[in-house]
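Step one of this worksheet: look at the structure below.
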Amino acid sequence: MHDNLKQFIRDVPDFPLPGILFRDIAPLLENGEAFQSALEHFHQMLKEEKIDKIVGIESRGFIFGSPLASRLGVGFAMARKQGKLPGEKISICYDLEYGTNTIEMHSDSISEGERILIIDDVLATGGTAGATISLVEQLGGKVVGLAFLIELKSLKGRTSLPGHTVYNLLEY
């Protein structure tokens, strides 16, 4: 674990709903040294994996996924909230820890057989990650791993992603 990064995670109680403790990554992103450290930890963790493309989950997965894709020399594709992508796309509805949502990807964003790493800021219940896996697989990609800055262990999101390697930098 990279617990030295925990000092840059702010706890926000009762956000976005009462009873939820939100782990705010803004302080980490606002500190250049901490942000670079997180990216370097991801790079070191993943540099030996055979990855063709990274899929970032909107929106904080974009923040980590784009620079990581650049460091690894691979492409980057977006999994976006409904209505944000122009052109032909596929979508899936899924449950969140506090509601439901729909996520979409461009139909041509992944080629058959591409090895995909999915990245986001937090693994909670695994609903968003699981939906993204489904989209990647519908497009012919093979998910080789999922990476998260934070894993909320008490929500057991990892158990909803059976058969997939899960990487994280921090656990709560």
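Please read these numbers as outputs of a predicted model, since none were measured by experiment. Excluded from the calculations below are hydrogen atoms, water molecules and symmetry mates; all remaining heavy atoms, backbone and side chain alike, are included.
Here salt bridge (charged side-chain N to carboxylate O under 4.0 Å, His left out) pairs that include residues 132-141, with residues two or more places apart or in two chains, number zero. Counting only residues at least two apart or in different chains, side-chain hydrogen bond (donor to acceptor under 3.5 Å, both in side chains) contacts with residues 9-26 comprise R10-D24, D11-R23. Applying the side-chain hydrogen bond (donor to acceptor under 3.5 Å, both in side chains) definition to pairs two or more places apart or across chains, those involving residues 79-89 are E58-R80. Screening residues 150-167 for side-chain hydrogen bond (donor to acceptor under 3.5 Å, both in side chains), with sequence neighbours left out, gives E49-Y167, E151-R158, E151-N168.
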Taking it one step at a time, do I150 and L169 satisfy side chain to side chain contact (heavy atoms under 4.5 Å, CB included)?
CA-CA 6 Å; I150 297 169; L169 298 187; over 6 Å; no

Could you go through the side chain to side chain contact (heavy atoms under 4.5 Å, CB included) check for V122 and F148 one step at a time?
CA-CA 5 Å; V122 176; F148 303 92; 5.9 Å; no

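Among residues two or more places apart in sequence or in another chain, the side chain to side chain contact (heavy atoms under 4.5 Å, CB included) test is passed with A77 by K53, V55, M105, S109. Residues satisfying the side-chain hydrogen bond (donor to acceptor under 3.5 Å, both in side chains) criterion with D121, sequence neighbours excluded, are R60. Every side chain to side chain contact (heavy atoms under 4.5 Å, CB included) that S134 has, sequence neighbours left out, goes to I92, Q138. Listed by chain and number, the residues in a side-chain hydrogen bond (donor to acceptor under 3.5 Å, both in side chains) with E104 amount to none (sequence neighbours excluded). R115 pairs by the salt bridge (Lys or Arg N to Asp or Glu O under 4.0 Å) definition with nothing, not counting sequence neighbours. The ring-ring contact (aromatic ring centres under 6.0 Å, His included) check on F15 picks up F22, with sequence neighbours excluded. In this structure E48 satisfies the side chain to side chain contact (heavy atoms under 4.5 Å, CB included) test with no other residue, sequence neighbours excluded.
Minimum interatomic distance between L39 and L68 (heavy atoms only, all atoms of both residues): O-CD1, 4.3 Å.
The side-chain heavy atoms of T128 and I103, taken from C-beta on, include a pair separated by under 4.5 Å. I116 places none of its side-chain heavy atoms less than 4.5 Å from the side chain of V144.
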Show me the side-chain donor-acceptor pairs of residues 25-37 shorter than 3.5 Å, one per line, residues at least two apart or across chains.
unit_1: N31; atom_1: OD1; unit_2: E33; atom_2: N; d: 3.1
unit_1: N31; atom_1: OD1; unit_2: A34; atom_2: N; d: 2.8
unit_1: Q36; atom_1: OE1; unit_2: R71; atom_2: NH2; d: 2.5
unit_1: S37; atom_1: OG; unit_2: H41; atom_2: NE2; d: 3.4

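A cation-pi arrangement is found for K6 relative to Y172, the charged atom lying closer than 6.0 Å to the ring centre and inside a 45° cone about the ring normal.
Atom-to-atom distance recorded for L72:CG and D52:CG is 11.5 Å, nearest 0.5 angstrom.
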